[in-house]
Amino acid sequence: MTENSNSPDSQVSIDKLNSAYNEIRQQMSQVIVGQDEVIEQLLIALFSRGHCMLEGVPGLAKTLMISTLSRCLSMSFARIQFTPDLMPADITGTDVIQENRETGDREFRFLHGPLFHNVILADEINRTPPKTQAALLEAMQERQVTVGQIRHQLSDPFFVLATQNPIEQEGTYPLPEAQQDRFMFKVFVGYPSFEEEKQIARQTTSLDENEVRPVLDAEEILSLQQIVRQVPVTDHVVEYALALVRQTRINQEGAPDFVNEWLSWGAGPRAVQNLLLGGKTRALLNGRNHVSTEDIQALAAPVLRHRIVTNFSAESEGITTDRVIERLIEVTPSKEGELTSDPRLQKIFAA
């Protein structure tokens, strides 16, 4: 695909991913009403080999959405309900002493925990202490768990979907910013429209049950993830993604005044990586073999909202991270000539 983006093989790859995307959405629509943007971002994270955090008030079908997605994938699935008393060994597994019936000797044997599945639902991840959160996040980043002095490799593909409740904060352990950075996207799940909620009310109070069938297996997902990596990206799109991310860093040459006024911390290099990977996937899902600045703009909020930190001044004015991201998109030219010739952004590129 990188050698000739218009080759027949390239088009076959695009059609394959686009077909899988549409089929999964069609299957999920039998159970999930609306939430098209959330489902799209979940699938972009899946095909980009990333992880995803969903945040929303109770009753918005976050858990149902994830379990339905797992039913569309012919892979092993585990749901972990995070609680204050959950220990690392409860999710990673542990060594136990067993007697060898043939020799009579006692020996250690590793019992696998729920992390040894392909799709993990980490329900209410902010309900468990930092020690257990750290065990999950090692698995997310390294795709392995360490028990004692032995490392155990996890299954591939490995996809973590975590949920958070933003309302009830008593007895919770918020994820530190460095740990949130391991998630490719932070997705906000909003309330349904009137018509969508009407359909939900009818659908969930009747006897009808919709059958969701698997669309992809593990080998097919690994193949599609490789296709995503082959999508070419122009220097202009890379520079645009870099410009968005680097402008979030306070007290840097070229950073907008509102960034220095509203932010206490900016995004790191992983944000650029996730913008470009997500842009590649979004382009393929929309039938294109190249990434545009529109793809970067569409994914800026889910990629950046958990990687930038607002200060007291912003909070007192009701300024959210999403508002900061909107302003960044507004002040960053998307056209190639305008981006590189902007005097303020030239300081960003020269830094």
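Side chains included, hydrogens not; waters and symmetry mates left out as well; all remaining heavy atoms used. Counting from 1, the numbers follow the sequence of the chain as shown.
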* To do: Using atom types as modelled and distance alone, determine if a side-chain donor or acceptor of Gln133 lies under 3.5 Å from a backbone N or O of Asn126.
  => no

* Within one Ile-Leu-Val-Met-Phe-Trp-Tyr cluster: Ile329 and Phe349, side-chain cutoff 4.5 Å -> yes

* Quick one: do Leu299 and Asn274 satisfy side-chain contact (heavy atoms from CB on, under 4.5 Å)? Show the steps, please. => CA-CA 9 Å; Leu299 299 178; Asn274 287 326; over 6 Å; no

* Can a donor-acceptor pair be found between the side chains of Thr146 and Glu138 at a distance below 3.5 Å? -> yes

* **Over 12 foreign heavy atoms within 6.0 Å of CD, Glu37** => no

* Asked: Linking I/L/V/M/F/W/Y whenever any side-chain heavy atoms sit under 4.5 Å apart, do Val309 and Leu304 land together?
  -> no

* Would you check if there is a donor-acceptor pair between the side chains of Asp322 and Thr320 at a distance under 3.5 Å? => no

* **Qualifying residue for side-chain contact (heavy atoms from CB on, under 4.5 Å) with Phe159, from Asn118, Ile120, Ile66, Leu69** => Leu69

* To do: Begin from the C-alpha positions of Glu261 and Glu317 and carry the test side-chain contact (heavy atoms from CB on, under 4.5 Å) through to its verdict.
  => CA-CA 11 Å; Glu261 181 184 352; Glu317 296 178 38; 3.6 Å; yes

* To do: Please list all pairs passing the ring-ring contact (aromatic ring centres under 6.0 Å, His included) test where one or both residues lie in residues 181-201, with sequence neighbours left out.
  => none

* To do: Provide the closest heavy-atom pair for Leu345 versus Ala243 in the form atom of the first, atom of the second, distance.
  => CD2-CB, 4.4 Å

* Structure fact -> By salt bridge (Lys or Arg N to Asp or Glu O under 4.0 Å), Glu124 pairs with (sequence neighbours left out) Arg127

* Which pairs pass ring-ring contact (aromatic ring centres under 6.0 Å, His included) with one or both residues in residues 262-313, sequence neighbours excluded? -> Phe258-Trp262

* **Straight-line distance of Arg282 CZ to Gln41 CD, nearest 0.5 Å** => 9.5 Å

* Side-chain donor-acceptor pair present, Gln81, Arg79, cut-off under 3.5 Å -> yes

* Could you check Val228 against Leu17 for side-chain contact (heavy atoms from CB on, under 4.5 Å), going step by step and ending with a plain yes or no? => CA-CA 9 Å; Val228 166; Leu17 189 57; 4.1 Å; yes

* Salt bridge check: are Lys280 and Asp295 linked by an N-O gap of less than 4.0 Å? -> no

* To do: Quick one: list whatever passes side chain to side chain contact (heavy atoms under 4.5 Å, CB included) with Asn311, sequence neighbours left out.
  => Ser264, Ser313, Ala314

* Do Glu253 and Arg246 sit within salt-bridge range, that is, some charged N less than 4.0 Å from a carboxylate O? -> no

* How about Thr310 and Thr321: does a side-chain donor come under 3.5 Å of a side-chain acceptor? -> no

* To do: Not counting sequence neighbours, list each pair that qualifies as a salt bridge (charged side-chain N to carboxylate O under 4.0 Å, His left out) and has a residue in residues 185-198.
  => Glu55-Lys186

* To do: Mind jotting down which residue pairs meet the side-chain hydrogen bond (donor to acceptor under 3.5 Å, both in side chains) criterion with at least one end in residues 214-228? Sequence neighbours excluded, please.
  => none

* Matching residue for Thr132 among Ile80, Ile91, Leu137 - test: side-chain contact (heavy atoms from CB on, under 4.5 Å) -> Ile91

* Arg344/Asp257 salt bridge by N-O under 4.0 Å criterion -> no

* To do: Classify the ring geometry between His236 and Tyr240 as parallel (under 30°), tilted (30 to 60°) or perpendicular (over 60°).
  => tilted

* To do: Could you check Ile221, Ile24, Leu73 and say which one makes a side-chain contact (heavy atoms from CB on, under 4.5 Å) with Val215?
  => Ile24

* Please report the C-alpha distance between Ile125 and Thr163 in whole Å, then the side-chain angles of each, then the deciding distance to 0.1 Å, and finally whether the side-chain contact (heavy atoms from CB on, under 4.5 Å) criterion is met. => CA-CA 6 Å; Ile125 190 173; Thr163 67; over 6 Å; no

